[in-house]
Number of protein chains: 2
Amino acid sequence: MSSRICELVSKSALYHKRLMTRMLERFDVTYAQYQVLKVIKQHQPLSAKEILVHLDTDKATLSGVLSRLEQRGYIQRDRDRSDKRVLHVRLTRTSSALLEAIEVKETECTDSLTHNIKNRELKNFFNVFERIINNQLRKIDEIEQEQRRQSKEKENDNDEETPL
Amino acid sequence: MSSRICELVSKSALYHKRLMTRMLERFDVTYAQYQVLKVIKQHQPLSAKEILVHLDTDKATLSGVLSRLEQRGYIQRDRDRSDKRVLHVRLTRTSSALLEAIEVKETECTDSLTHNIKNRELKNFFNVFERIINNQLRKIDEIEQEQRRQSKEKENDNDEETPL
DNA sequence: CATATAATGTTTGTGTGCAACCTAAAGAAG
DNA sequence: CTTCTTTAGGTTGCACACAAACATTATATG
């Protein structure tokens with residue numbers, strides 16, 4: 001029965017991505033790009049690191065997405081003058097207008113997901129879902145610690161063979 | 001509020017994939033590969049097309065995964081003698097044994113997701129989730145039809161310019 | 001039989017997702 | 001000032017998602 005959760009979550013995430021991709025097709029923007037653009041819009045100007053805080057993705061992935069967005073003229077990347085490591089990312093006029101149009105379509109899509117679901121049902125749904133997600137996080141932690149222990153043991157074994 | 005669904009679904013799917021990836025790390029198998037192996041185990045021997053029925057993925061992706069699985073000696077691919085287009089895919093001894101071990105770990109992971117959730121709560125959760133997924137599918141259909149109408153119109157426009 | 005069409009897989013190209021490594025700049029310690 | 005460490009971001013390599021084009025083999029149809 002528990003494995004049913006994984007099926008539903010995976011399937012639903014797949015469909016969500018598919019829906020967004022279809023919706024974004026005619027705007028010629030990918031879902032990942034749109035998510036980044038939204039964050040930029042809400043907080044611009046901001047650095048790459050700040051974008052990451054809002055997105056649960058990876059800096060390597062983000063770097064690629066930003067490159068493509070800049071190439072297409074959707075964003076501007078400038079270095080900070082006092083600290084030349086950090087970026088200042090902001091939208092261009094083109095993308096600001098584009099985002100307005102997309103956001104309308106997006107709410108249309110997300111709203112359609114709940115039209116036959118009562119408020120009370122939804123509330124319980126969220127409640128259980130959040131507990132499940134916490135369980136996921138806990139289990140991930142548990143496994144990562146397990147791995148760390150094992151690799152530390154291996155490291156110690158190596159130290160014995162090749163000491164300082 | 002509806003957009004909260006998308007957040008939770010995306011986040012949970014991400015965590016699920018992360019959990020499975022961590023769990024599979026020491027078996028040196030990716031999550032996609034494991035999913036394919038599981039389907040093969042349950043129905044072997046079977047064709048690539050039949051694998052796709054059980055997986056909601058793409059034939060191009062599957063082709064790559066199967067190549068890698070074959071390279072590592074986890075599966076065997078033979079052509080059907082009477083219809084040389086179709087494959088007969090089956091596990092090797094190595095992977096059969098491996099799968100047994102992995103499946104134990106997997107149930108351990110999935111079971112941990114529900115340990116603090118009552119049966120009734122879970123039942124309601126599934127019920128709502130399934131309705132949401134249906135709504136997702138409906139909306140995807142709606143958008144795909146919209147796109148088809150638009151591309152058909154464009155096609156007609158082209159026909160007027162370049163008739164037979 | 002010959003040609004058109006359909007079915008099964010593979011290949012190719014673009015965009016992620018993610019780990020591992022690299023660079024340049026900033027800060028800290030001596 | 002010099003060296004060590006940390007930080008922001010970029011690059012590389014591998015696997016996958018997915019669209020589109022392709023090859024091969026079957027099948028339908030004239």
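A note on names: the letters A, B, ... follow the listed sequences, proteins ahead of strands, and every chain is numbered from 1. All figures in this text were calculated on a predicted structure; none of them were measured in a lab.
Counting only N and O atoms by type, the side chains of A/Asn124 and A/Arg120 include no donor and acceptor under 3.5 Å apart. Side chains of B/Thr110 and A/Ser3: a donor-acceptor N/O pair is absent below 3.5 angstrom, by distance only. Side-chain contact, B/Arg131 with B/Asn134: no donor N or O sits under 3.5 Å from an acceptor N or O.
Contact of A/Lys59 with D/dG10 (side chain to base): a donor-acceptor pair of N or O atoms is detected under 3.5 Å. A donor N or O paired with an acceptor N or O is found under 3.5 Å between the base of D/dT7 and the side-chain atoms of A/Arg85.
Comparing A/Arg22 and B/Ser82, the nucleotide of DNA chain D nearest to each residue sits closer to the 5' end for A/Arg22. Checking A/Asp56 against B/Leu62, the closest nucleotide of DNA chain C that is more toward the 5' end is the one next to B/Leu62. Both A/Glu25 and A/Leu66 lie close to DNA chain D; mapped to their nearest nucleotides by heavy-atom distance, the more 5′-ward contact belongs to A/Leu66.
Rounded to an integer number of Å, the gap from B/His88 NE2 to C/dG9 C1' is 14 Å. The CG-C1' distance, from A/Asp58 to C/dC21, rounds to 13 Å in whole Å. Following rounding to the nearest Å, B/Asp80 (CG) and D/dT27 (P) show an atom-to-atom distance of 11 Å. Going from atom NZ of A/Lys84 over to atom P of D/dT6 covers 24 Å, rounded to whole Å. If you measure from atom CD of A/Glu70 to atom P of C/dG15, you get 15 Å, rounded to the nearest angstrom. To the nearest angstrom, C1' of C/dT16 lies 15 Å from CZ of B/Arg18. Remark: P of D/dT24 and NZ of B/Lys49 are 21 Å apart, rounded to the nearest angstrom. Straight-line distance from the CD atom of B/Gln71 to the C1' atom of D/dA15: 12 Å, rounded to whole Å.
At a threshold of 4.0 angstrom between heavy atoms, the contacts of A/Ala60 include nucleobase atoms, whether or not backbone atoms are also involved. Looking at heavy-atom distances under 4.0 Å, B/Leu87 makes contact with sugar-phosphate atoms alone, never a base. Counting non-hydrogen atoms under 4.0 angstrom, B/Ser67 reaches nothing in the nucleic acid. Backbone-only engagement by B/Leu14 is indicated by non-hydrogen atom pairs under 4.0 Å involving sugar-phosphate atoms exclusively. Nucleic acid contact for B/Ala48: sugar-phosphate only, since backbone atoms but no base atoms lie under 4.0 Å from a heavy atom of the residue. When heavy atoms are screened at a 4.0 angstrom cut-off, A/Arg81 is found touching no nucleic acid atom at all. At the heavy-atom level, B/Ser47 lies under 4.0 Å from the strands shown only through sugar-phosphate atoms. Heavy atoms of B/Thr30 sit under 4.0 angstrom from primed sugar atoms or phosphate atoms, though from no base atom.
Aromatic ring orientation, A/Phe129 versus B/Phe125: perpendicular (interplanar angle above 60°, classes split at 30° and 60°).
A salt bridge links B/Glu100 with B/Lys41: at least one charged nitrogen is closer than 4.0 Å to a carboxylate oxygen. Under 4.0 Å is where a charged nitrogen must lie from a carboxylate oxygen, and between B/Glu130 and A/Arg4 at least one such pair does.
Here the options are B/Leu37, B/Val104, B/Ile40, the test is side-chain contact (heavy atoms from CB on, under 4.5 Å), and the partner is B/Leu99; only B/Leu37 passes.
Here A/Gln35 does not reach the OP1 or OP2 of C/dT16: none of its side-chain N or O atoms lies under 4.0 Å away. Residue A/Arg79 has no polar side-chain atom (N or O) positioned under 4.0 Å from OP1 or OP2 of C/dA26.
When each of D/dG9, C/dC18, D/dA17 is scored by its nearest atom to the side-chain atoms of A/Val86, the top-ranked nucleotide is D/dG9. Comparing C/dG17, C/dG15, C/dG9 by their nearest atom to the side chain of A/Arg72 picks out C/dG15. Set against D/dT25, C/dT11, C/dC18, the side chain of B/Ser63 has C/dT11 as its closest nucleotide. Which of C/dA26, D/dA26, C/dT16 sits closest to the side chain of A/Asp83 comes down to C/dA26.
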